[in-house]
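Below you'll find the structure, written out as structure tokens, and then a few comments.
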Amino acid sequence: MIVEALAFYMFAAVAVASGVLVVSVRNPVHSVLFLILAFFNAAGLFVLLGAEFLAMILVVVYVGAVAVLFLFVVMMLDIDFAALRSGFIRYLPIGAMVGLVLLFELALIVGAWITAPDAASAFGAPSPDAAKIANTHALGLVLYTKYAYLFQAAGMILLVAMVGAIVLTLRDREGVRRQNIGEQVARGKRNSVEVRKVRAGSGI
Amino acid sequence: MADFWNFYAWPTIIIVLQIVAIVVPLLVAVAYLTLAERKVIGAIQLRKGPNVVGWFGLLQPFADGLKLFLKETVVPSGANRGVFIIAPMATFVLSLVGWAVIPFDAGMVLADINVGVLYLFAISSLGVYGIVMAGWASNSRYAFLGALRSAAQMVSYEVSIGFVIITVLLCVGSLNLSQIVLAQQGMWFFIPLLPMFVVFFISGLAETNRSPFDLPEGESEIVAGYMVEYSSMVFALFFLGEYANMILMSAMTCVLFLGGWLPPFDIAPFNWIPGPIWFALKIAAVLFLFLWVRATMPRYRYDQLMRLGWKVFLPLSLIWVVLTAGVLVATGWAPVTNR
């Protein structure tokens, strides 16, 4: 029990600290690296909750794919630190407002324990008993039955996003030479080499 | 006090000893893999390979290690110091932590977790960070180009590796690596899933940045890619990490397709040999393929690498996922488990 509590406080503290560092460090690449650290600690918290499948998916999807692309883009930015700091005062009111709204909502969530003490009991217990069944299996049981339509809808949204990205970036340029691998492989001696008798002094 | 010993101290000591028992042989294997690589490529090119230090060149890896150890660690003045130092450490650590879930024999595994194969997939997909961080922190054009290549390459091939793993999981019905091996008692998966085995092996080459997909290093175009600014032990960490990753990828291939610790036939002379030895032999066989490919194939051109990943492997593995699922459902072979 003590070990679990210690692990929880470690993961939580590192997650919060790296979250703060994401927005406070100057260098954007360091920001992304701290974001990755925050993801890792969130995954650690999932493991402590017994949701090891979600923890691994978090690492695979967010750290292994999303954050790599993030880092990829941020790394290629040519950063002007002076220009970055000059906008700080101008955007401070907007940023502060968003922060205040989030703080207010957070306070509401925490306050719900006091204002509506029955709210916690309204959540159902995990439908198959977590001790009897692996959580990968348990997730599959509800994801493909009860939430099948929502699951499909999420897939559709991703598909639309993908098609949108392709439509925005694909353009047909003139004069681009493309490689046709099938054509190259199918090329043989017959259609690539020609033997001719050249008469002296005349050329081909 | 007795509680402290029974519940905290002893388990910790035992786990640390188990980790040492995995890591030390692994590092020796990494050292000798570098020698094996030079010997195998030497033999393929009709040379002798290293044969001066020690009998048959057997002390060569240690001589190399000592040489690197005695050199100076140079940190370029334009480099981002912290990230520059963390990058090789990340590569090396990530190549070791994957071994926590690899089963060496029935029940002989450090952490027998339910989502073992996902854990391995996650760890192998994190390998890109060491390279990208190194390339960026070096503040050098060549290193940066290597890092960009590596990021695109590893993300691309990860996708097809994911689908190959799904195909295997469909046949097993569990994410636990020991269960995956046990499901192959009748037949190793590389027979019914041969195309997926080939896709996985080639994607593994790309994922570990091995020849013919070693574009992030590409010494003929970008010198040594992301490693160009590294020297001494920080370079050695990259080097060890790369070879440990190769062994990890081979172990993954063995677990998913070649029946892990199982003997090829469950009859007398074969099942006398203990499981870990079979496992090591299979890993060595896959590693030989890695080396053989390096000695045989020319390096891929970058656009062809991307084409192979996205236009050939991705559709092929997607079709095989659908096909496998269809066959399993139609024939009623789909595994029913409660795990």
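Contact tally against chain A (heavy-atom pairs below 4.5 Å) for B:E158, B:R307, B:M133: the top residue is B:R307. Your options are B:D303, B:L175, B:L148, and the one with the most heavy-atom pairs under 4.5 Å with chain A is B:L148. Interface summary for chain B: among A:I36, A:V61, A:L58, the most heavy-atom pairs under 4.5 angstrom belong to A:I36.
Without hydrogens or angle criteria, B:S150 side chain to B:G146 main chain gives no donor-acceptor distance under 3.5 Å.
In this pair, B:Y230 and B:F238 present their aromatic rings perpendicular. The plane angle is above 60°, beyond the 30 to 60° band. Between A:F39 and A:Y62, the ring-plane angle classifies as tilted under the 30° and 60° cut-offs. Classification of the A:Y144-A:F151 ring pair by plane angle, with boundaries at 30° and 60°, yields perpendicular.
Side-chain contact of B:N176 with B:D112: a donor-acceptor pair under 3.5 Å is present, judged by distance alone.
With a 4.5 Å cut-off on non-hydrogen atoms, B:L126 touches chain A through its side chain but not through its backbone. With a 4.5 Å cut-off on non-hydrogen atoms, B:V132 touches chain A through its backbone and its side chain both. Heavy atoms of A:A67 lying under 4.5 Å from chain B belong to its backbone as well as its side chain.
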